[in-house]
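Report on the structure given below.
Keep in mind the model is a prediction, meaning the values are calculated, not measured. Order of the sequence lines sets the chain letters (A, B, ...), proteins ahead of strands, with each chain counted from 1.
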2 protein chains.
Amino acid sequence: MTAISGKVSTDSASGGIRLGGKVLHPLWLRERVTEAHALDSISHQRLYQTAELDPDLMVENVLISENRKQLSLQFSDGYQAELNLAEIAIELGLAQNPESIPLPKSWQSSLEFKRFSWNDLDDPNEMKALLTAYFENAFCIMDGTPTDQDSLKQHARRFGFLRATNFGELFNVETKPAATDLAYTDAALASHTDNPYRWPVPSIQYLHCIANGVEGGLSTLVDGMAVANTIAEENQDWADILESTPVRFRYDGPTGIYEDTAPLIARDYRGYVNHIRFSPRLDFVPALDPETLTIFYAARRRMHELANDLAFQIQFPFKPGTLLMMNNYRLFHGRTAFNGKQGYRHLQGCYIDHDGPQCLYRMLAIGNTDTHVRRET
Amino acid sequence: MTAISGKVSTDSASGGIRLGGKVLHPLWLRERVTEAHALDSISHQRLYQTAELDPDLMVENVLISENRKQLSLQFSDGYQAELNLAEIAIELGLAQNPESIPLPKSWQSSLEFKRFSWNDLDDPNEMKALLTAYFENAFCIMDGTPTDQDSLKQHARRFGFLRATNFGELFNVETKPAATDLAYTDAALASHTDNPYRWPVPSIQYLHCIANGVEGGLSTLVDGMAVANTIAEENQDWADILESTPVRFRYDGPTGIYEDTAPLIARDYRGYVNHIRFSPRLDFVPALDPETLTIFYAARRRMHELANDLAFQIQFPFKPGTLLMMNNYRLFHGRTAFNGKQGYRHLQGCYIDHDGPQCLYRMLAIGNTDTHVRRET
């Protein structure tokens with residue numbers, strides 16, 4: 001059965017059809033045909049050029065099958081097609097799409113979250129639960145991963161494709177003399193996002209604990225969606241200026257200069273916060289008029305306050321084997337200070353892109369049981 | 001000498017200063033101090049939190065040095081700073097920034113372009129000329145590269161960091177039975193952009209010719225900026241709908257399902273076209289009302305026509321050793337048909353991100369002579 005009830009009829013004004021309270025354009029319908037000669041059987045890519053379809057195409061006749069599973073269409077150019085009504089219902093928002101990536105859920109310090117065990121993730125249901133938590137909260141924590149040096153590469157490749165930077169495929173977070181980034185000291189790190197100066201910004205960060213002989217150095221996370229939405233509730237002018245002012249981010253290290261320019265908060269086409277860039281040690285706002293800048297600085301100050309407000313923050317220690325996966329486009333992260341002389345602390349980090357975990361989730365959602373994102377062979 | 005002429009004075013209304021026809025905000029000035037205790041000497045990151053500066057900060061006194069190289073500022077919280085006037089002039093747009101990435105230049109089929117020789121690229125001036133051509137035209141062609149299998153990895157790493165996908169670090173463009181993408185057949189490929197279904201979309205594509213025993217199979221390139229701007233001149237409604245309608249792109253292959261949703265044309269904060277997504281074999285526009293969709297389909301049809309119009313297109317053959325580097329966010333690419341039975345044709349491809357070549361250009365622009373993007377060690 002399908003979620004689309006009621007009758008179907010042709011619509012003379014548009015040349016399309018009336019179905020489920022909507023009028024559907026004839027070309028919209030035609031681009032969804034799935035006959036074997038229309039789609040490549042392996043890639044499911046169209047074998048015809050949509051631009052070559054008759055611009056004045058019309059649906060001349062339409063029927064719903066008795067079991068309400070098929071829509072039969074007769075087009076004005078002679079083409080006849082059967083469309084799957086369940087798929088049409090999903091596209092019209094009338095039925096749930098099992099493949100849909102879980103929607104983000106805003107959180108504050110009261111968030112209760114499950115820590116996952118690496119050994120359980122061979123179970124497709126457990127992997128799907130982990131990915132669901134990741135998409136909702138923008139992070140997840142795994143315990144019990146192997147702690148061999150550089151094993152993070154294998155752990156992260158399970159979810160996607162490594163994103164190398166000038167720091168390499170992996171970076172080591174340990175105290176170093178002559179550090180090229182404040183991360184490589186034992187100082188506290190206020191809430192920030194990583195690498196806003198890259199184009200594109202690395203999507204997902206992993207931090208993998210190999211050794212930790214110090215107290216302190218707790219990892220801190222804050223939900224940028226919660227912060228952005230709180231700012232919008234408090235002062236729409238602040239939200240507007242943070243979402244519209246192009247800010248230049250600049251990394252100027254010994255081996256390279258990286259720059260990109262973008263607003264501190266961006267939203268996707270649905271209105272969800274989908275890119276926070278926040279790195280107050282390397283941001284440069286343009287020389288706008290002073291009235292505008294006074295609003296901008298107040299808004300950015302509020303963003304900094306909320307991003308470092310304990311009411312918004314969760315903190316947790318890294319034990320050897322702990323693996324954190326976090327969305328660098330949504331979360332602020334930081335750490336509390338520690339004393340590097342107290343012992344050895346060694347984390348390894350790397351980045352992957354958003355599309356890997358999304359692909360893995362979709363494959364599990366349609367019944368695949370492989371808990372590793374797959375490569376073409 | 002500096003490009004900023006005239007006097008400097010404090011501005012009581014803003015608490016800032018008047019300089020070069022502008023009023024500069026006191027916090028804007030304060031965030032640009034470069035004293036040794038304010039910036040990390042290696043990373044040039046700020047050692048203080050900008051959010052902790054006095055929100056009511058004022059400049060109490062300002063002077064320009066006699067040689068007009070320094071701006072001396074006395075702030076209301078007691079801080080005293082010397083700013084470099086040449087750097088301020090660049091930020092105010094009053095002086096050219098040597099590091100600025102060359103601006104894109106729209107082109108059509110009449111474009112005359114230089115082919116670069118791989119062996120010449122150890123000369124920093126030649127490498128800078130190549131990168132300038134790349135940023136202006138969104139592509140460049142190199143001849144004489146080593147043609148060893150997989151040597152493309154080394155060639156591309158000279159410019160940036162490899163962007164792996166489910167096809168691997170490298171992909172092979174050769175005719176295959178049971179191809180998972182139409183690219184792996186001998187069919188003509190109409191103008192398209194690659195991988196609009198990924199998040200983020202791979203930035204720069206390399207195609208490296210290892211063997212070519214066929215006629216035909218010419219590579220085709222079209223400037224998406226020229227196409228987008230032509231559409232905007234012809235019909236602003238078309239441009240608006242292509243820049244605002246979120247379209248779902250979907251790859252549904254044997255090993256993974258990838259989806260992302262975005263408009264076909266996006267512009268950056270300056271108004272330059274900075275992301276074309278065009279892949280008419282796998283795009284799905286939402287079921288908008290028929291009137292809107294009629295405009296959308298007309299606009300997309302025009303985009304397809306222009307993207308395949310010989311007046312906009314350049315074509316060139318691949319010889320063994322030819323290496324094409326192209327911006328997948330700006331150019332359409334395609335190829336003419338060939339007969340796979342005529343001989344063996346083998347290209348290898350890979351992706352890198354935008355920030356690698358930008359970094360290399362900036363380093364050359366400030367006098368560095370290394371013609372390889374550098375890694376932290």
A/Tyr329 and B/Trp199 aromatic ring geometry - parallel, tilted or perpendicular at 30°/60° bounds: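 B/Trp199 and A/Tyr329: perpendicular rings.
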
By a 4.5 Å heavy-atom criterion (distance strictly below it), what part of [X] contacts chain B: side chain, backbone, both, or neither?
{"X": "A/Arg302", "result": "neither"}
{"X": "A/Leu27", "result": "both"}
{"X": "A/Ser279", "result": "neither"}
{"X": "A/Tyr297", "result": "side chain"}
{"X": "A/Ser41", "result": "neither"}
{"X": "A/Asp11", "result": "neither"}
{"X": "A/Pro286", "result": "backbone"}
{"X": "A/Leu47", "result": "both"}
{"X": "A/Pro280", "result": "both"}

Pair A/Arg163 + B/Asp353: basic N to acidic O under 4.0 Å: yes

Between CD1 on residue B/Ile257 and CD on residue A/Glu99, distance to nearest 0.5 Å: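 Nearest 0.5 Å value for the CD1-CD distance: 4.0 Å.
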
Does some side-chain heavy atom of [Y] sit less than 4.5 Å from a side-chain heavy atom of [X]?
{"X": "A/His44", "Y": "B/Tyr251", "answer": "no"}
{"X": "A/Arg281", "Y": "B/Asp40", "answer": "no"}
{"X": "B/Phe284", "Y": "A/Arg32", "answer": "yes"}

Could you tell me if the ring centre of A/Phe296 sits under 6.0 Å from that of B/His25?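 Ring centres of B/His25 and A/Phe296 not closer than 6.0 Å.
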
